[in-house]
Enquirer: 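Have a look at this one before I ask anything.
Just so it is clear, the values below take in all heavy atoms, side chains as well, and ignore hydrogens, waters and symmetry mates. Remember, it's 1-based here, ligands and their atoms both numbered in the order they're listed. The first residue of the sequence shown is numbered 1, and numbering continues consecutively from there.
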Amino acid sequence: MVDWVVFDDLMKDYTMLDDIPVTSLPRHDDYQRTADWLLSHTKQRPLVGIICGSGLGLLADTLKAQDSFPYAEIPGFPQSTVQGHAGRLVFGELKGRSCVCMQGRFHMYEGHSLCKTTFPVRVFKLLGVETLIVTNAAGSLADGYQPGDIMIIKDHINFPGLSGLSPLNGPNDDKFGPRFPAMSNVYDKDLRCLAMDIVKQMGLSQFVHEGVYAMVGGPNFETVSEAKLLHRLGVDAVGMSTAPEVLVASHCGLRVFGLSLITNKVVRSYDGQDQVNHEAVLEVSKMRSHSLQLLITQLVGRMDMNNNTHF
Ligand SMILES: O=P(O)(O)O[C@H]1O[C@H](CO)[C@@H](O)[C@H]1O
């Protein structure tokens with residue numbers, strides 16, 4: 001079993017990707033062992049996996065017939081350290097459909113390697129999950145987005161990925177997916193259309209957009225110049241997570257749907273006193289998490305099942 005304390009100790013001296021000691025990366029058996037432990041501790045057989053963003057963990061509390069496990073009790077599971085990320089894996093039903101929910105995710109800026117931040121996604125795959133729903137708190141760059149709005153993620157720009165930081169670095173495990181996965185249609189179009197339909201029926205169209213999410217490394221929020229750059233590049237919302245999870249999910253054939261809750265406007269001017277902070281992010285997340293929960297519940301209830309790609 002991968003020992004994350006030993007792993008982190010090994011990794012701390014390796015800043016260049018081509019230096020990562022291959023033998024210390026998690027192997028298929030490590031993911032399988034964690035999945036087997038979970039399958040032997042719950043009767044749920046989830047088809048949908050959900051990752052809750054900052055302040056969005058309340059969604060997990062709405063699952064019916066729950067079995068929940070603190071990350072510390074799950075063999076091989078990493079631990080979360082960020083406020084607003086409870087650190088529990090919750091199994092249960094939404095609209096009668098079996099789901100597994102991460103109440104708390106792992107971020108690169110916590111000091112985790114990317115294969116560690118995405119460890120649960122491959123465990124989900126081995127549990128039988130077919131569809132991954134990712135949620136996050138994000139700052140908006142798009143004109144017209146307001147704090148409290150929801151963005152259906154159409155596509156992403158993975159800045160750490162563009163500069164060589166990928167959870168798929170290292171030898172490829174063909175049991176999970178191909179060496180060179182395509183990413184051109186990574187956020188499932190049918191699910192995005194279905195979500196838009198639900199939004200209309202819920203009367204939320206005014207608050208819901210479809211747009212491009214960019215992942216930056218964090219943990220600092222953006223400078224004004226960085227914000228201007230992101231805006232010019234066509235980024236609608238920015239955060240410090242999601243892209244690696246989506247990459248790993250898509251690599252192993254999971255269907256992906258993503259939502260950003262806009263918690264703040266990214267400051268794009270030197271005038272004024274506006275400053276974003278994590279407490280404000282959590283406050284807005286909590287305020288609007290109910291609409292997000294309703295949207296996800298409806299989506300899970302209406303999505304078709306048993307149609308993901310198998311390698
Ligand atoms: O992406 P999630 O986990 O929702 O969290 C977002 O909120 C935190 C900043 O307030 C960062 O971690 C950012 O990525």
Enquirer: Using a strict threshold of under 4.0 Å (side-chain N to carboxylate O), is an ion pair present between Lys265 and Asp149?
Expert: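 The answer is no: the pair does not qualify as a salt bridge.
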
Enquirer: Any Lys/Arg nitrogen of Arg192 or Glu210 sitting under 4.0 Å from an Asp/Glu carboxylate oxygen of the other?
Expert: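 Yes, this pair counts.
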
Enquirer: Could you list which atoms of ligand 1 come closer than 4.0 Å to a heavy atom of Ser54?
Expert: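 Near Ser54, meaning under 4.0 Å from one of its heavy atoms, ligand 1 has 2 (P), 3 (O), 4 (O), 5 (O), 6 (C), 7 (O), 8 (C).
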
Enquirer: Kindly confirm or rule out an N or O of Thr242 lying under 3.5 angstrom from an N or O of ligand 1.
Expert: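 No - when backbone and side-chain N and O of Thr242 are compared with those of ligand 1, no distance drops under 3.5 Å.
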
Enquirer: Hey, does Met240 come in under 3.5 Å of ligand 1, counting only N/O atoms on both sides?
Expert: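 Such a contact does occur with ligand 1.
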
Enquirer: Any N/O of Tyr213 closer than 3.5 Å to an N/O of ligand 1?
Expert: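 No, since none of the N or O atoms of Tyr213 sits under 3.5 Å from an N or O of ligand 1.
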
Enquirer: Heavy-atom distances under 4.0 Å are what count here, so tell me which part of Asn136 touches ligand 1: side chain, backbone, both or neither.
Expert: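 The part of Asn136 near ligand 1 is both the backbone and the side chain.
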
Enquirer: I need the atoms of ligand 1 closer than 4.0 Å to a non-hydrogen atom of Gly53, numbered in the order shown.
Expert: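 Listed by number with element, the hits are 4 (O).
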
Enquirer: Regarding Arg268 and Asp143, does a basic nitrogen lie under 4.0 Å from an acidic carboxylate oxygen?
Expert: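 Yes, Arg268 and Asp143 are salt-bridged.
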
Enquirer: Is a salt bridge present between Arg33 and Asp30, judged by a nitrogen-to-oxygen distance below 4.0 Å?
Expert: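 A salt bridge links Arg33 with Asp30.
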
Enquirer: One thing to verify: whether Asp197 and Arg302 come together as a salt bridge, which I'm taking to mean a side-chain N less than 4.0 angstrom from a carboxylate O.
Expert: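 A salt bridge is present here (some side-chain N lies under 4.0 Å from a carboxylate O).
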
Enquirer: With heavy atoms of Tyr109 as the reference, note each atom of ligand 1 found under 4.0 Å away.
Expert: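 Going through ligand 1 atom by atom, the ones under 4.0 Å from Tyr109 are 11 (C), 12 (O).
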
Enquirer: For the 3.5 Å polar cut-off, considering only N or O atoms, please tell me whether Ala137 and ligand 1 meet it.
Expert: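 So ligand 1 has an N or O lying under 3.5 Å from an N or O of Ala137.
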
Enquirer: Does an N or O anywhere in Thr135 fall below 3.5 Å from an N or O of ligand 1?
Expert: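 No; the residue has no nitrogen or oxygen that sits under 3.5 Å from a nitrogen or oxygen of the ligand.
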
Enquirer: Is the NZ or CZ atom of Arg288 positioned over Phe207's six-membered ring, under 6.0 angstrom from the centre and within 45° of the axis?
Expert: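 Verdict for Phe207: a cation-pi partner in Arg288.
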
Enquirer: Is the ring pair Phe119/Tyr31 parallel, tilted or perpendicular, if the boundaries are 30 and 60 degrees?
Expert: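 The arrangement is parallel - the two ring planes meet at less than 30°.
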
